[in-house]
Amino acid sequence: MSLSSKSVAVVTGAASGIGRALAVKLASEKIAGIAISDVNEAGLGETAAMAEQYGVPVSTHVIDVSKLDQVQRLADEAVAKHGRVTHLINNAGVGVMGNFEQLSIEDIEWLMSINFWGVIYGCKVFLPILKEQESAHILNVSSVFGFIAPEEQTAYCASKFAVRGFTESLRHELAGTNVTVSAIHPGGIKTNIARNSRVGKDTPGEWKQQGAKFFDKVARTSPETAAEVIVKGIKGREPRILIGQDAYAISAISRLFPKRYLRLIERISGHKMSLRKK
C-alpha cells in the first residue's frame with residue numbers, strides 16, 4: 001500500500017509552505033485521515049480548512065517538534081483520532097541568517113533542535129506505530145543543502161546533511177520490512193522560510209531582507225508542485241525524492257565536481273550564494 005483509502009498521514013510543519021500544500025494534496029487523494037501539526041495555530045487552522053474541503057477527516061495538533069514529549073503527544077492524539085498512522089512526513093524546518101562567527105551557540109542549538117532532533121523524535125516515536133501497519137512510509141525533508149554547503153549556511157547545512165545521513169542509514173536498516181524510508185530534497189521552493197528565519201546574534205540586520213530578496217529570485221518551484229512530486233514519490237516508494245530542476249542539477253554537479261561545485265553552480269545560475277559583500 002503506497003496511498004489508499006486506508007492511509008493516515010502525519011505532516012509536521014503544516015501551517016504553510018510545503019507542509020500545507022502536502023496536506024491539501026494528500027486530502028485530494030481521498031486517504032482515510034490526516035493529522036497536521038505546527039506551532040502556528042492560526043496557520044494550522046487555515047490548512048485544515050483547505051484540506052477538509054475534500055471530505056477527509058483532518059486533526060490539528062499545536063506542538064513543537066523540538067520537544068520529545070510534545071511529539072509523543074502528537075502520536076497519541078493522531079492514533080486516538082484516526083485509529084492508526086501509515087505515513088509520517090517530518091517536514092517542519094527553520095533557518096537562521098549569518099555566518100558561523102555571527103551565530104551564537106543558542107542560534108545553532110535552536111535550529112538543530114527543530115531541523116534535526118524534530119526528525120529524530122518523529123521517527124523514534126512513530127516507528128513502533130508504523131511497524132504495526134500492513135505497509136508504512138517515513139519521509140524526512142532534507143534539502144539540496146544536504147548535497148552542497150554554501151557559505152553562511154553552516155547551521156542549516158549541518159542539519160540537512162544530518163537528516164540525509166540519518167534517513168539513508170534508517171532506510172538501510174528497515175530494508176525488507178513493511179516500512180519504506182525516503183529522503184526529500186527540495187530545491188528552491190517559494191515559501192516563507194527566508195522571511196521567517198531567525199537572524200544570528202551578531203548578523204547585520206539588513207541580511208534578513210537581502211536574504212528574502214535573494215530567495216525570491218532563486219525559488220522557482222511552488223509548494224503545490226512540490227507536494228505533487230512528493231505524492232508521486234510516495235506512490236513509487238522512491239528512496240530519494242528531488243524537487244525542482246535545480247535540485248537535479250545541484251545533485252549532479254556536487255557529485256561530478258566535489259571540489260568546486262559551489263562556484264560552478266553560481267556561474268550557471270548567475271547568482272552569488274553569499275550575502276557578504278566581497
Side-chain angles (χ1 to χ4, degrees), residues 3-95 110-133 136-141 159 163 167 179 181-182 184 191-193 196 223 226-227 230-231 234:
L3 278 176
S4 74
S5 59
K6 296 181 180 180
S7 300
V8 174
V10 170
V11 184
T12 67
S16 63
I18 293 176
R20 168 175 287 181
L22 186 55
V24 174
K25 177 61 178 174
L26 288 167
S28 75
E29 295 287 324
K30 303 295 185 179
I31 64 176
I34 306 170
I36 56 175
S37 77
D38 206 291
V39 294
N40 181 347
E41 185 172 7
L44 206 56
E46 293 171 1
T47 301
M50 296 167 69
E52 286 169 344
Q53 294 180 10
Y54 290 93
V56 172
V58 180
S59 60
T60 60
H61 309 266
V62 181
I63 67 115
D64 180 348
V65 297
S66 71
K67 310 295 184 186
L68 178 57
D69 61 333
Q70 294 189 33
V71 177
Q72 183 64 63
R73 175 165 59 83
L74 169 62
D76 294 341
E77 291 176 355
V79 172
K81 171 67 177 180
H82 302 284
R84 61 188 172 278
V85 173
T86 61
H87 291 73
L88 171 66
I89 300 100
N90 286 308
N91 166 73
V94 294
W110 169 75
L111 181 143
M112 292 296 291
S113 71
I114 297 167
N115 290 10
F116 178 64
W117 281 105
V119 170
I120 299 297
Y121 293 156
C123 291
K124 195 67 173 177
V125 166
F126 279 94
L127 184 56
I129 299 169
L130 296 171
K131 292 185 80 171
E132 293 176 351
Q133 313 308 314
H137 202 153
I138 293 171
L139 299 104
N140 296 329
V141 177
S159 71
V163 169
T167 303
V179 183
V181 181
S182 302
I184 300 172
T191 69
N192 289 323
I193 189 169
N196 294 337
I230 293 170
V231 168
I234 292 173

Is the shortest side-chain heavy-atom distance between [X] and [Y] below 4.5 Å?
X	Y	value
S16	N40	no
L127	I138	yes
V163	V141	no
L74	V10	yes
L44	I36	yes
R20	E46	yes
V125	L68	yes
I31	V8	no

Task: Counterpart residues, salt bridge (charged side-chain N to carboxylate O under 4.0 Å, His left out), relative to E132 (two or more places apart) - done: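 Listed in chain order: nothing, the list is empty.
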Open item on the list: So that I can tick it off, tell me whether K81 and E77 are bridged by a salt bridge, with the cut-off set at under 4.0 angstrom between side-chain N and carboxylate O.
Closed with: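 Salt bridge between E77 and K81, a charged N being under 4.0 Å from a carboxylate O: no.
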Starting at [atom1] of [X], measure out to [atom2] of [Y] and round the result to the nearest 0.5 Å.
X	Y	atom1	atom2	answer
S28	M50	OG	CE	11.5 Å
I234	L139	CD1	CG	5.0 Å
K124	Q72	NZ	CD	12.0 Å

Open item on the list: Out of the candidates V56, I89, I230, only one should pair with L26 under the side-chain contact (heavy atoms from CB on, under 4.5 Å) rule; please name it.
Closed with: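 Going through the options one by one, the only one that passes is I89.
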- [ ] For F126, enumerate each residue passing the ring-ring contact (aromatic ring centres under 6.0 Å, His included) test, keeping only those at least two apart in sequence or located in another chain.
- [x]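 Partners of F126 under the ring-ring contact (aromatic ring centres under 6.0 Å, His included) test: none.
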Task: Residues forming a ring-ring contact (aromatic ring centres under 6.0 Å, His included) with W117, sequence neighbours excluded - done: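 For W117, the residues satisfying ring-ring contact (aromatic ring centres under 6.0 Å, His included) (neighbours in sequence not counted) are Y121.
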Sidechain-backbone polar pair: [X] side chain, [Y] backbone, donor-acceptor under 3.5 Å:
X	Y	result
E29	K25	no
S113	S66	no
N115	V94	yes
K30	Y54	yes
S159	M112	no

